[in-house]
Amino acid sequence: RTTMPDLHILENDLEAFFQKLSDLSATINNIASLPYNLSYVKLAMEGGSAPTQATYAGEHMEDQLTALKTSLSTLAADIQMAAAEFQATEDINQQAIREIMASVPKPCPPVGPSKGE
């Protein structure tokens, strides 16, 4: 049986993680179409199977990069939603603590012989 370690989330951790995932997804999006350039192998190497194989390889890499970009984008959206839910829970907890503290009676002043009674 495995157990998950306790999470220790600091303020803005989830938001920063969301931003990094979003940035990485955008970077991958910018390069996703570059492998298609392998289709230009046919200009350098006419005949044979190399141009066809290079085109297939480029298309495969482009598909894989697009899938990775989509996965990272989806994960970023999930992290953003988790951050919003986490903050809402924290706000509820803080409100509950304030209400509890407001309902706790003030301590009575000490009484006894040392106070002249």
Side-chain angles (χ1 to χ4, degrees):
R1 181 177 117 167
T2 59
T3 59
M4 280 185 50
D6 291 338
L7 292 177
H8 182 67
I9 299 173
L10 299 177
E11 190 173 348
N12 297 320
D13 274 357
L14 293 174
E15 292 81 0
F17 188 40
F18 155 75
Q19 191 59 56
K20 286 180 183 180
L21 287 171
S22 296
D23 292 346
L24 183 55
S25 179
T27 298
I28 290 172
N29 186 54
N30 291 337
I31 63 170
S33 63
L34 294 180
Y36 185 75
N37 291 338
L38 288 172
S39 64
Y40 294 120
V41 167
K42 64 184 171 195
L43 299 176
M45 301 173 64
E46 293 185 24
S49 64
T52 302
Q53 293 303 317
T55 299
Y56 289 155
E59 289 170 354
H60 179 71
M61 287 189 295
E62 183 177 1
D63 290 345
Q64 293 299 308
L65 287 168
T66 300
L68 178 58
K69 177 208 64 108
T70 301
S71 293
L72 289 171
S73 180
T74 300
L75 180 58
D78 290 346
I79 294 294
Q80 186 179 37
M81 189 177 352
E85 291 172 1
F86 181 78
Q87 187 57 53
T89 301
E90 285 295 295
D91 292 345
I92 290 168
N93 290 343
Q94 287 301 316
Q95 180 63 30
I97 289 170
R98 283 192 293 274
E99 290 173 9
I100 291 168
M101 295 305 290
S103 68
V104 172
K106 301 274 187 228
C108 296
V111 295
S114 65
K115 298 295 179 188
E117 298 179 17

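Please read all numbers here as calculations on a predicted model, not as lab measurements.
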Within this structure, what is the CG-CE distance for the pair Leu14 and Met81, rounded to the nearest 0.5 Å? 12.5 Å
So, using side-chain hydrogen bond (donor to acceptor under 3.5 Å, both in side chains) as the criterion, who are the partners of Gln94 when residues are at least two apart? none
Value rounded to 0.5 Å, distance of CE in Met61 from CD1 in Ile31: 10.5 Å
Going from CG on Asp23 to CG on Leu72, what distance comes out if it is rounded to the nearest 0.5 angstrom? 11.0 Å
Run through Asp63, Leu24, Ile28 and flag the one making a side chain to side chain contact (heavy atoms under 4.5 Å, CB included) with Leu68. Ile28
Would you say Ser25's side chain and Leu21's backbone share a donor-acceptor pair under 3.5 angstrom? no
With sequence neighbours left out, write down each residue that passes side-chain hydrogen bond (donor to acceptor under 3.5 Å, both in side chains) with Glu15, or none if nothing qualifies. none
What's the spacing between Ile79 CD1 and Leu75 CG if we round to 0.5 Å? 5.0 Å
Suppose clustering is done on Ile, Leu, Val, Met, Phe, Trp and Tyr with side-chain heavy atoms closer than 4.5 Å. Which residues sit in the same group as Met101? Ile97
State whether a side-chain donor-acceptor pair under 3.5 Å links Asp91 with Gln95. no
Check whether any side-chain N or O of Ser71 sits under 3.5 Å from a backbone N or O of Ala67 as a donor-acceptor pair, and report yes or no. yes
From Thr27 OG1 over to Leu65 CG, what is the distance, rounded to the nearest 0.5 angstrom? 12.0 Å
